[in-house]
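What follows is a single structure, written as structure tokens, with notes after it.
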Amino acid sequence: MKYLFLLAVPALIFGHGGEKHEEKKVEVSHDKMEMKVESKEVFSEINNEYLKNIKPIFEVKCFDCHSDKTNYPWYFKLPLVSTMIQKDIDEAKEHLDFSNDYPFISHDTPIKDLRSILKVFEEKSMPPFKYTIMHSESKILDEDIQKVRIWVEESL
């Protein structure tokens, strides 16, 4: 276990998988699809499907960094490690926060959030490698991608 932690240290140093999240300006779109999804009824339908089929996936794969339900690992108590982990969690939640269900708290529109989530799942770019070293259960599986794809496509 001691050696496994030593392998994780370099991963902790190199951020979260090279993802860069510079401040983005949210574009106002007049796309009919985006205007349709802005209604509360549609949000409610999307959220119902999310709660039933997608949230259980996100709870395992995403919630430690992208929600207020973080399950801190034992090594979080180490001074420098805790600072790096907390910084990553704060940045993750600023980007996309699943704490309050759909529509999510984010710096983008609900439609763009759906598209971004699907892209991240298809590319398996989240969770970052440094996280999966110590949390193998968080790796994205093909069946997860399929469920998220169906949810996003039906939502759009």
Side chain Ser106, main chain Leu96, donor-acceptor under 3.5 Å: no
Under 3.5 Å: donor-acceptor pair, side chain of His66, backbone of Phe98: no
Within 6.0 Å of NZ in Lys124, more than 12 heavy atoms from elsewhere: yes
Glu94 side chain reached by His107 side chain, heavy atoms, under 4.5 Å: no
Cluster overlap Leu156 with Ile150, hydrophobic side-chain contacts below 4.5 Å: no
Close side-chain approach of Ile54 and Glu49, heavy atoms under 4.5 Å: no
Minimum heavy-atom distance Tyr75-Val81, with the two atoms named: O-CG1, 3.5 Å
Interatomic distance, Ile46 atom CD1 to Leu114 atom CG [nearest 0.5 angstrom]: 5.5 Å
Interatomic spacing from CH2 in Trp74 to CE in Met134 - rounded to 0.5 Å: 5.5 Å
Note, Gln86 side chain near Ile89 side chain (heavy atom, < 4.5 Å): yes
Centroid separation Phe58 to Tyr102 less than 6.0 Å: no
Main-chain N/O of Asp68 paired with Ser99 side-chain donor or acceptor, under 3.5 Å: yes
Exercise: identify the closest heavy-atom pair between Val60 and Ser138: O-CB, 4.0 Å
Leu118 and Arg149: CA distance, side-chain angles, deciding distance, side chain to side chain contact (heavy atoms under 4.5 Å, CB included) verdict: CA-CA 6 Å; Leu118 179 58; Arg149 182 181 295 120; 3.8 Å; yes
Approximate separation, where rounding is to 0.5 Å, of Ile145 CD1 and Ile140 CD1: 7.0 Å
Side-chain donor-acceptor pair present, Asp142, Gln146, cut-off under 3.5 Å: no
Ser125 side chain to Phe121 backbone, donor-acceptor under 3.5 Å: no
Interatomic distance, Lys55 atom NZ to Ser67 atom OG [nearest 0.5 angstrom]: 8.5 Å
Non-hydrogen side-chain atoms of Asn47 and Phe43 separated by less than 4.5 Å: no
Backbone of Glu137 reached by a side-chain donor or acceptor of Lys61 within 3.5 Å: yes
Sequence neighbours excluded, every pair satisfying ring-ring contact (aromatic ring centres under 6.0 Å, His included) that has a member inside residues 134-156: Tyr50-Trp151, Tyr131-His135
Distance in Å, Cys65 SG paired with Asn71 CG, rounded so as to fall on 0.5 Å steps: 11.0 Å
Heavy-atom closest contact (Thr70 atom, Asp64 atom, distance): OG1-O, 2.8 Å
Donor-acceptor under 3.5 Å (Asp144 side chain, Leu141 main chain): yes
Residues which pass salt bridge (charged side-chain N to carboxylate O under 4.0 Å, His left out) with Asp113, listed by chain and number, not counting sequence neighbours: none
